[in-house]
Amino acid sequence: MKAILITSSILILALAALRPVLRGRFKPQVQYALWLIAAVRLLVPFESAPSAFSALALLDKAERPAQVAQAIGQTHIPTQSYGSAWDQALREYEQSNGPITTDGGYEGLQAYEQVEYRAQALMRGPTLAQLFDQYARPVWLGGAALMAVWFLLVNLRLRRRLRTALPVEADCPLPVYVSDALPSPCLCGTFRPRIYVTPAALADPDRLRHVLAHELTHYRHKDHWWALVRCACLSLYWFDPLVWWAAALSRQDCELACDAGAIRRLGEGERLSYGRTLIAMIAAGRTSLLQTATTMTGGKRRVKERVELIARRPKTAVALTLAAALLVGCAVGCTFTGAPEGSQEPVTSPDPAPLSSQALNTATLPARLLDVPEELRDHVEAASENGALAVYYFKKPSDALGGEYPSLLAVRQLSQEQLDEAVSSSAQGHEPLPFARSGGQYYVLNWSIAIEYAPEDKEQFNAAFESIKAFAEKTVLETEGVEPYAPPQQAVQAVIDRLLAAPAIQLSLAPAGTSRVYAYSFDPSEGFNSYNLSLFASRFRWEETGYSTSEGAASLRIEASDGSAYLYLSEGSYLVLANQGGESVCYKGVYSVEDYVVTPDATPFDYLRRMVFDPVELNYLRSTTVPDRGQSHEDIAQEWAENWEGAMAQTAPGSRYACTIVRIENVRVDQPEFESREALEEFVKDRNFAFTADDFGKIWFGFSYDTVFVPEDPDEETMWAGNTRYYEGSGAPEGALVYSHVGYIWLTDEGWICTGVGTGW
């Protein structure tokens, strides 16, 4: 629908802009017919062919509006106040870790940072884009339904007023009725149209002749049918003010075209007398745009416009006709065509202009790097040592370093061989970061991840680090012959970092041999799914390569909800198409870690499917709540277990959790059994439950059950953990497995809730 709204808006604005230019210089009938183009664009939901000159393609290239729209769409709606979120986060932390120490120590500061982070997460509600995705369709359909009801009421009300109309004899091919309940004559009826006149029109033969000519022209133009088309557009696009404006303008042009047709039917000699009849018979006021009858109502300005055109006798100018035809043709060509394939991808931003107007020589680079900007000199000191182009220090003595300044970062120039050696010999977190190159030389940044500054200087240290890092990168990149560079490993990691920084991560899997797409999203700030995604780049050895598709293979797309990055992978392929900031690059990833979490020959697709998509999907399909209907504990536990375990039978084909059979057996409640009241109270106390021993068996209870299942892949070892065993009962195929789970379920305002089960109490 977005494409229709954009293109129809452009078309409506173009036609509205042509009206004052064409008025009095063009046949009103042709001007009226142009609105049919807008109606077709609104009611026909497809484009004829892709075109580089399509309005959609041109808008795709407008990077700034897209960024603004994207930023608005990703705005979060707070769900609670900061104070409320902070109190909740603090309670959660203290329940899990105990009270926060207030002695000002580093551990206390870290604890408050965790509480602050959690409070921000609690405040963050859904984005405007998410709300739109959730509610736009039902709101649109509800509005369309209300508009349809309004349309019926408006026209039924008119029909009810016309019930008392009396037939009259007139020289007219349509039935004619007289009614004193109407402000003006009209043509009413779709399948059986009739002309209704007022007593004043019936009393004057000339007026009656003019009125009948006018309404018969409406009939010949099929305006009673075009009124239905107009009402359909208004009902479907009730929320779009441009559609309402177009409906009003088209109805005005309808009357102008009808006047011209009526005069042609009556003869030029009747032009002035027809104009006088129009002035005498037209009723002041407005008629609902949802009314299909062609009543002669209008404001003073509209009457004046019609009379002026009647008196002017419009003549068509050939040059103007050709110009108008060209403009309309261009508008139609831009709005009835789609964007070419691939134009929806973000446009690569142009490289920023050099900060100096003249390229600088590499010989001056060390001196320029050591020349710390004036605004940073109070906090940053530069030195040339250990073979580095520049080493930067934070100018506050550190107790951890015996009173010396802690280092911020170092800038080095390394050959390919030196870079490879530095990467292989560096501890994790200390690897050099190449960011630029010139010929065979690479410019890299080094910094320590050890915390060597005082806790109270954290904010100032981080600000100094970011500022001097930006200064160093800018200084190197504005040097003659130096170009930006990111090694494949870090380039892929940069894409992963963008994904993890997004408000949400969207996953879509298209299995082979089917048109269905399985799509889910998850919050990157929570769960092991994000952790497994964060390890993705480090588990493979990467090299940049050309891209080729795997014909007919399953595909997986992982995309940031704000559009900042995505990964696209095909099953059976070692290639990953990665996009960050609008540039798509293909990398080949070969599994290189020793602690295989998949298989030694796993592809990037295998890893992300198994370690990210499958857990996200299973978590999405599982339900943790059972509505409270007053049912027994056995029924509650049975329904919860079926909802929770049954998700394994609903996954996408090939999931590590996919099962062909899932069945719940041996449900027991009021578990575990306690020998005494003291044992129950101790049990509740040890687990820090929010409910009490007195609530046991009332608003909470323990339960256990067995799950009988048949994995889709018999060799899948995911299920073989804890008490999993081969099933020895009946009613299941050979090779069926069974495991036992226990858990607690409690009553809330939403219903009976259990957030997970285990193999032991």
Side-chain angles (χ1 to χ4, degrees), residues 106 109-110 112-113 116-117 349-414 419 422 426 429-438 441-487 490 493-494 497-498 501 581:
Y106 183 55
L109 290 173
Q110 281 188 316
Y112 277 114
E113 283 186 359
E116 171 69 20
Y117 179 80
S349 301
D351 293 334
L355 296 179
S356 58
S357 58
Q358 187 176 13
L360 301 173
N361 194 285
T362 54
T364 66
L365 179 57
R368 289 185 286 115
L369 286 170
L370 294 172
D371 186 17
V372 177
E374 182 70 31
E375 64 272 16
L376 298 178
R377 290 177 185 173
D378 289 342
H379 305 295
V380 179
E381 180 180 273
S384 177
E385 57 189 33
N386 300 326
L389 295 174
V391 180
Y392 300 102
Y393 293 94
F394 182 59
K395 292 174 65 174
K396 279 199 173 183
S398 169
D399 293 339
L401 299 174
E404 295 184 1
Y405 291 159
S407 66
L408 289 164
L409 58 87
V411 184
R412 303 180 185 277
Q413 184 178 10
L414 304 176
L419 177 60
S426 298
H430 293 264
E431 302 93 338
L433 174 67
F435 67 95
R437 66 181 173 185
S438 176
Q441 297 294 310
Y442 294 84
Y443 296 91
V444 303
L445 300 177
N446 270 115
W447 63 83
S448 172
I449 61 172
I451 299 177
E452 300 172 337
Y453 51 84
E456 61 270 17
D457 295 330
K458 176 182 177 180
E459 186 174 342
Q460 198 173 65
F461 180 93
N462 289 338
F465 173 85
E466 294 297 336
S467 298
I468 202 64
K469 179 173 178 286
F471 164 74
E473 291 175 342
K474 162 186 164 296
T475 303
V476 171
L477 288 171
E478 66 183 5
T479 303
E480 182 179 10
V482 175
E483 59 184 16
Y485 170 76
Q490 293 167 356
Q493 185 62 53
D497 292 342
R498 284 287 186 94

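Values below: every heavy atom of this structure, side chains too, minus hydrogens, waters and symmetry copies. Being a predicted model, the structure only gives us computed values, none of them experimental.
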Closest heavy-atom contact between [X] and [Y]?
X    : Y    : answer
A436 : V482 : CB-CG1, 3.6 Å
S398 : P406 : CB-CD, 4.0 Å
N446 : P432 : ND2-CA, 3.5 Å

Once you round to the nearest 0.5 Å, how far does [atom1] of [X] lie from [atom2] of [Y]?
X    : Y    : atom1 : atom2 : value
Y485 : Q441 : OH    : CD    : 13.0 Å
L433 : Q490 : CG    : CD    : 4.5 Å
I468 : E473 : CD1   : CD    : 11.0 Å
L389 : R412 : CG    : CZ    : 9.0 Å
E374 : D371 : CD    : CG    : 9.5 Å
K396 : Q460 : NZ    : CD    : 4.0 Å

Output yes when a side-chain donor or acceptor of [X] lies under 3.5 Å from a complementary backbone atom of [Y], and no otherwise.
X    : Y    : value
K395 : R377 : yes
S467 : A464 : no
T475 : L369 : no

Is there side-chain contact between [X] and [Y], with at least one heavy-atom pair below 4.5 Å?
X    : Y    : result
P434 : L419 : yes
L445 : V411 : yes
L365 : Y443 : yes

With F465 via ring-ring contact (aromatic ring centres under 6.0 Å, His included) - residues at least two apart: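 For F465 the ring-ring contact (aromatic ring centres under 6.0 Å, His included) partners, ignoring immediate neighbours, are W447.
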For atom CD of E385, decide whether the heavy atoms of other residues, nucleotides or ligands shown that lie under 6.0 angstrom number more than 12.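 Correct, the count exceeds 12.
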Can you list every pair that meets ring pair (Phe, Tyr, Trp, His ring centres under 6.0 Å) and has a residue in residues 366-403, with sequence neighbours left out?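 Found F394-F461.
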With sequence neighbours excluded, residues passing side-chain contact (heavy atoms from CB on, under 4.5 Å) with N462: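 In terms of side-chain contact (heavy atoms from CB on, under 4.5 Å), with neighbours along the sequence ignored, N462 is linked to Y453, K458.
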